[in-house]
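Presented below is the structure to which this report refers.
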Amino acid sequence: MTRHLITSAIPYINGIKHLGNLIGSQLPADLYARYQRARGNEVLFLCATDEHGTPAELAAARAGKPVAQYCAEMHAVQAEIARGFRLSFDHFGRSSSPQNHALTQHFAGKLAENGLIAEVTESQVYSKADGRFLPDRYIEGTCPNCGYDRARGDQCENCTKQLDPTDLIDPRSAISGSTDLEVRETKHLYLRQSKLKDELDAWIDSKTDWPVLTTSIAKKWLHDGEGLRDRGITRDLDWGIPVRKGTEEWPGMEGKVFYVWFDAPIEYIACAAEWAEAGGLPEADWQRWWRTDKGADDVRYTQFMGKDNVPFHTLSFPATIIGSGEPWKLVDHLKSFNYLNYDGGQFSTSQGRGIFMDQALDILPPDYWRWWLLSHAPESSDAEFTWENFQASVNKDLADVLGNFVSRITKFCRSKFGETVPDGGTFGPEEEALIADLTTRTARYAEMMEAMEVRKSAQELRAIWAAGNEYLQTVAPWSTFKTDPQAAAAQTRLALNLVRFYAVLSAPFVPDAAAAMLAGMKSEDASWPDDVPAALAALPPGHGFEVPEVLFAKITDENREAWAERFSGHRD
RNA sequence: GGCGUGGUAGCUCAGUUGGUUAGAGCGAACGACUCAUAAUCGUUAGGUCGGUGGUUCAAGUCCACCUCACGCCA
């Protein structure tokens, strides 16, 4: 038995994520977690909300709520939606947890001890009216280049020129609009990850089985320009983890917090601690997942994320871990995804373009989305969502190939033999051929799932479903019943067993439908079919079942058109 | 401007270290079946593999240049 630690990139707190975010990390991570559990392996699957930083503060202000309360509420909302999509996290934590406070401060302290923290004094724009320093992009003014009057301090959106906040003419706070700004000196901590460049480089080189997407991004950051640059890990904000050196005060850093990108990945570890606490487990229980000196040396750790998150996961977070000098677990495999586009453009949170997770669940059950998104996962390049493709895929794959298979065989049996697995007859060459085919295909499916080849797994699973229809079409029990009822009984018995077999194999993709299929077959045997012939005899003659409700209703043209219209512009 | 990733049948995508007539699903046409959510199964049609040039006995697969899309960075 292998032990799998699996984490999904943690979604930011300020709002509900869209389907592009879902397929980029949480959903494929869930697929893999469910598969590994099904194979009998020990799994700890973690995710959390990423709660610190200016965007959270501003979103809270817009909502007229204290930021802590806002985050607590949004965490609850995201957790509920995650349940709606059947994301099987062992724990859905929060980067604002006490555990993450302690760990983040601990790591900072260790890094400082090891000479990997630099204190740098720099100039930043301070807004007196807002009583805070302003990040570059929260300063607005007139672009000195093109005259656009809403240019941001980091870049002019109109002429795309890169700017410094001090370049702006008539600068003002994007938060309050105040022009009462001044440049002040402030001290910040930098993670000297450049000192670890060679070590990181060698480590990445050793990961020959990672997706090209992952290693090419990491390599670029390592070698571009002057190479890996040091990065600031603190900010002048109220909302965040107070800067401390372990449990000690950090002289000169009073009132400052760690920058989100530093504390967010540490939440992967803290989340395990939260999980243990929530379950009333001792510290050792989570440490055996994370500390190689405390039992984690046989853990296989896999991270899932969108390509925008790759630099943090391949460089910054490993730098934090390696730099601590402590035996924390480093990631073993890093699966990254490209973007999902929506109908010719990008999904956009700010513009409300595309489909958001809550809206998706509003119109269809989670299995529909899980199947389409996973079978079209943006693995080798960006992928595109269109309503036509969604309707066609879901109707064909789920309703026609899988759903209708369950329907046709259970209803056929009910009408000819009753709601009981029929006895009699023996298997002939057709049955042997089907079993041999499924044995091959199941092995290939497992191989693809093991390799996290999401699309190829879906493709193989679909072929496994289709094999059932091919078999029925070939042996035609409705015909043989007239001349040889015993043969028809054997054929029907095998086909009914396929329903349970499909339920087990399909569960990682479509957990609700799988559960309905198992319930319909009145079986609780969801064990992985290591032995395919045996698995196809799990329901013995005389075993009772019920014809399940229609598993997947089809998406009509009217639905499709209405939804395409509804999601074309801004969300309400 | 630099770098990265892509550009393969109408659509969505596979194509291992270069090697026999380039594959799958959907869609289309035709046929079979009638148990089933007008579902299923089979057959067929469809591609000068973004463009040009080069290396090679042989290139979708390597090299150069060009072009388009997307992304990251200056």
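Each chain gets a letter, A, B and so on, in the order its sequence line appears, and its residues count up from 1.
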Quick check: does any side chain N or O of Thr442(A) sit under 3.5 Å from a backbone N or O of Thr439(A), one acting as donor and the other as acceptor?
no
Can the ring centroids of Phe567(A) and Tyr342(A) be said to lie less than 6.0 angstrom from one another?
no
Can you tell me, in whole Å, how much space there is between the P of G10(B) and that of G50(B)?
13 Å
Is the Phe385(A) ring parallel, tilted or perpendicular to the Trp372(A) ring (thresholds 30°, 60°)?
perpendicular
Is Ala466(A) touching bases, backbone alone, or none of the nucleic acid, heavy atoms closer than 4.0 Å?
sugar-phosphate
Check whether any side-chain nitrogen or oxygen of Lys456(A) sits under 4.0 Å from OP1 or OP2 of A24(B), and answer yes or no.
no
Measure from CZ on Phe405(A) to C1' on C41(B) and round the result to the nearest Å.
13 Å
Taking syn as within 90° of 0 and anti otherwise, name the glycosidic form of G15(B).
anti
Options A39(B), C35(B), C41(B), nucleotide nearest the side-chain atoms of Phe412(A)
C35(B)
Separation between the P atoms of A59(B) and C73(B), rounded to whole Å
41 Å
Please state how far atom OH in Tyr339(A) lies from atom C1' in G4(B), giving the value in whole angstrom units.
13 Å
Leu505(A) backbone acceptor or donor facing Tyr445(A) side chain under 3.5 Å
yes
Could you tell me whether Phe552(A) contacts a base, only the sugar-phosphate backbone, or nothing, with contacts defined as non-hydrogen atoms closer than 4.0 Å?
base
Whole-Å distance separating the CD1 atom of Ile204(A) from the C1' atom of G4(B):
15 Å
Taking C72(B) as the reference, what is the distance to A29(B) when you measure between their C1' atoms (whole Å, please)?
47 Å
Expressed as a whole number of angstroms, how long is the span from Lys307(A):NZ to C72(B):P?
8 Å
Which word best sums up how the rings of Trp371(A) and Trp465(A) line up, parallel for under 30°, tilted for 30 to 60°, or perpendicular for over 60°?
tilted
Using OP1 and OP2 only, check whether a side-chain N or O of Arg455(A) sits under 4.0 Å from C13(B).
yes
Aromatic ring centroids of Phe390(A) and Trp369(A) under 6.0 Å?
yes
Using a 4.0 Å heavy-atom cut-off across all strands, classify Leu551(A) as base, sugar-phosphate, or nothing.
base
C1' spacing across the pair G47(B) / A22(B), given as an integer number of angstrom:
9 Å
Provide, to the nearest angstrom, the distance between the CG atom belonging to Asp397(A) and the C1' atom belonging to U12(B).
11 Å
Identify whether any heavy atom of Ala383(A) sits under 4.0 Å from a base atom; if not, whether one sits that close to sugar-phosphate; answer base, sugar-phosphate or nothing.
sugar-phosphate
Donor-acceptor pair under 3.5 Å: do we get one between Asp400(A)'s side chain and the base of A39(B)?
no
What's the CG-P distance between Leu374(A) and C13(B), to the nearest Å?
15 Å
Verify the contact: side-chain N or O of Arg414(A) to OP1 or OP2 of A36(B), cut-off strictly under 4.0 Å; return yes or no.
no
For U37(B), does either OP1 or OP2 sit under 4.0 Å from a side-chain N or O belonging to Lys411(A)?
yes
Out of C11(B), C26(B), A36(B), minimum distance to the side chain of Arg408(A) belongs to A36(B)
Nearest-Å distance once atom P is located in both A58(B) and G19(B)
14 Å
Within this structure, what is the CG-to-P distance between Leu496(A) and A36(B), rounded to whole angstrom?
14 Å
Looking only at atom C1', what distance separates A45(B) and A39(B), rounded to whole Å?
25 Å
May I have the distance from Glu470(A) (atom CD) to U43(B) (atom C1'), rounded to whole angstrom?
14 Å
Spacing of the C1' atoms in U56(B) and G18(B) (rounded, Å)
9 Å
G42(B) versus C33(B) - spacing of their P atoms, nearest Å
15 Å
Go through the steps for Asp332(A) and Arg300(A) under the test salt bridge (Lys or Arg N to Asp or Glu O under 4.0 Å), then give the verdict.
CA-CA 6 Å; Asp332(A) 292 304; Arg300(A) 178 165 167 83; 5.3 Å; no
Name the closest nucleotide to the Asn404(A) side chain, picking from C26(B), U34(B), U37(B).
U37(B)
Given U40(B), U34(B), U37(B), which nucleotide is nearest the side-chain atoms of Gln473(A)?
U40(B)
